[in-house]
Each structure stands twice: as C-alpha cells, then as structure tokens.
Amino acid sequence: QVQLVESGGGLVQAGGSLRLSCAASGRTFGNYHMGWFRQTPGKEREFVAAVNWIGGSTYYAGSVKGRFTISRDKAKNTVCLQMTSLKPEDTAVYYCAAKEGTYYPGAKYDYWGQGTQVTVSS
C-alpha cells in the first residue's frame with residue numbers, strides 16, 4: 001500500500017499563489033508517476049497535472065498550463081504543485097494520486113490522498 005498525504009491548501013485572493021505538497025510513504029515502485037486532480041461539488045474529478053518519477057516529464061491540463069508547475073523531490077518522496085495567478089474557478093478540493101508506470105491520458109490511479117481545499121476569492 002501507498003499512503004499519500006496532501007498539505008498546503010487554504011484561502012487566497014485571485015491573482016495569488018499557493019503551493020500544495022503531497023508526501024508518499026509505504027510501498028514504493030521502481031517506476032511510477034504522480035498526479036494532481038481537483039473536484040468541485042457536483043462535478044467529476046478532473047486532471048490537473050502529472051509528473052513521471054523517472055525522468056521527470058510533466059503534463060498539464062490546458063486550463064492550468066503556464067500557471068501551475070508540478071515538481072517532484074525524489075529524496076523526500078514528495079510531489080508539489082506550485083499554483084500562481086490563481087482564479088476563482090481554481091477553487092476545488094485538490095487530490096494527489098499515484099500510479100505505477102509512466103503517465104498517459106486517462107490513466108486510472110491506484111492510490112489517492114484525502115484531499116486539501118483550495119479557495120480563491122474574487
């Protein structure tokens with residue numbers, strides 16, 4: 001089993017920045033990727049960004065590209081999501097997820113964190 005714990009959510013004004021972190025512990029794989037998703041009430045969970053643990057290739061949803069940056073710290077088993085130029089529509093619960101293998105669109109993730117609330121006020 002892999003445990004994922006997110007931190008760093010909160011309330012910020014539009015145009016501001018937040019940094020989310022996700023610490024992974026437990027069983028580790030040789031090759032996997034980690035992603036961030038978000039969900040608002042009544043909507044499906046949507047992909048935000050992902051990073052391959054080996055190689056570090058990154059992937060972004062169009063709505064956040066250029067504003068959000070995903071990164072990993074291999075020594076700390078941590079993935080971060082730096083969010084800048086935040087908009088009210090970025091308000092959501094943000095979830096960290098992990099899956100064996102490299103990223104591909106539509107991947108079904110095996111492990112999820114508990115989520116952290118991000119609220120952007122206008």
Side-chain angles (χ1 to χ4, degrees):
Q1 286 288 342
V2 175
Q3 292 79 43
L4 303 173
V5 178
E6 302 101 334
S7 61
L11 173 64
V12 65
Q13 287 190 330
S17 300
L18 274 178
R19 183 177 179 86
L20 305 182
S21 294
C22 175
S25 61
R27 173 179 171 259
T28 56
F29 334 112
N31 178 29
Y32 65 106
H33 71 275
M34 294 183 72
W36 286 96
F37 290 74
R38 64 188 182 187
Q39 188 171 25
T40 53
K43 292 189 177 181
E44 289 195 3
R45 195 171 296 186
E46 66 170 352
F47 169 79
V48 174
V51 59
N52 287 334
W53 209 253
I54 297 176
S57 296
T58 57
Y59 309 86
Y60 297 94
S63 59
V64 307
K65 201 167 188 177
R67 300 188 298 123
F68 291 10
T69 302
I70 189 170
S71 61
R72 88 252 194 259
D73 185 328
K74 297 175 78 175
K76 295 181 179 179
N77 264 1
T78 300
V79 64
C80 293
L81 185 70
Q82 179 68 47
M83 305 184 293
T84 63
S85 301
L86 283 161
K87 306 174 182 180
E89 50 263 44
D90 294 317
T91 295
V93 177
Y94 283 71
Y95 296 90
C96 174
K99 179 176 175 57
E100 280 193 270
T102 54
Y103 169 78
Y104 59 90
K108 301 298 182 185
Y109 285 71
D110 303 308
Y111 304 98
W112 293 88
Q114 80 287 354
T116 185
Q117 176 70 45
V118 171
T119 303
V120 184
S121 63
S122 57

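Residues: numbered from 1 along the sequence shown.
To the nearest 0.5 Å, atoms CD (Gln3) and CG (Asn77) are separated by 11.5 Å. With rounding to the nearest 0.5 Å, the separation of OG1 in Thr40 from CD in Glu46 is 7.0 Å. Atom-to-atom distance recorded for Thr58:OG1 and Tyr103:OH is 11.0 Å, nearest 0.5 angstrom. Going from atom CD1 of Ile54 over to atom OG1 of Thr102 covers 9.5 Å, rounded to the nearest 0.5 Å. Within the model, atoms CD1 of Ile70 and CG of Leu20 stand 10.0 Å from one another, a figure rounded to the nearest 0.5 Å. Note that the CZ atom of Arg38 and the OG1 atom of Thr116 stand 14.0 Å from one another [nearest 0.5 Å].
The SG atoms of Cys96 and Cys22 lie less than 2.5 Å from each other.
Taking all atoms of both residues into account, the shortest heavy-atom contact from Ser17 to Ser85 is OG-N, 4.5 Å. Residues Asp90 and Arg67 come closest through the heavy atom pair OD2-NH1, 2.7 Å. The heavy-atom pair separating Tyr95 from Gly113 by the smallest distance is CD2-O, 3.7 Å. In this structure, Leu4 and Ala24 approach most closely via the heavy-atom pair CD2-CB, 3.7 Å. Between Leu18 and Val118, the closest heavy-atom pair is CD1-CG1, 3.8 Å. Of all heavy-atom pairs between Gln1 and Tyr111, the closest is OE1-CE2, 3.4 Å.
Using a 4.5 Å cut-off on side-chain heavy atoms (C-beta onward), Glu6 and Tyr94 make no contact. At a threshold of 4.5 Å between non-hydrogen side-chain atoms, the residues Val79 and Val51 count as touching. Two residues are said to be in side-chain contact when any heavy atoms from C-beta on lie closer than 4.5 Å; Arg19 and Ser7 fail this criterion. Residues Arg45 and Trp112 have side chains in contact (heavy-atom distance under 4.5 Å, counting atoms from C-beta outward).
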>> Could you go through Asn52 and Tyr59, starting from their C-alpha distance and side-chain angles, then the distance that decides it, and tell me whether this counts as side chain to side chain donor-acceptor pair (under 3.5 Å)?
In response: CA-CA 9 Å; Asn52 287 334; Tyr59 309 86; 3.2 Å; yes
> Under the side-chain contact (heavy atoms from CB on, under 4.5 Å) criterion, do Tyr60 and Val48 qualify, and how do the steps go?
Replying inline: CA-CA 6 Å; Tyr60 297 94; Val48 174; over 6 Å; no
>> Before you tell me yes or no, could you show the steps for Met83 and Val64 under side-chain contact (heavy atoms from CB on, under 4.5 Å), namely the whole-Å CA-CA distance, both residues' side-chain angles and the distance that decides it to 0.1 Å?
In response: CA-CA 8 Å; Met83 305 184 293; Val64 307; over 6 Å; no
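Panel note: side chain Lys99, backbone Lys108; a donor-acceptor pair is recorded below 3.5 Å. Between the side chain of Thr78 and the backbone N or O of Lys76, at least one donor-acceptor pair lies under 3.5 Å. Side-chain N or O atoms of His33 include none that pairs as donor or acceptor with a backbone N or O of Ala50 at under 3.5 Å. Panel note: side chain Arg72, backbone Trp53; a donor-acceptor pair is recorded below 3.5 Å. Put simply, the side chain of Ser21 never gets that close to the backbone of Cys80: no donor and acceptor are under 3.5 Å apart.
Aromatic ring pairs are classed by plane angle as parallel below 30°, tilted from 30° to 60° and perpendicular above 60°; the pair Phe37 and Tyr109 is perpendicular.
The aromatic ring centroids of Trp36 and Phe47 lie 6.0 Å or more from each other.
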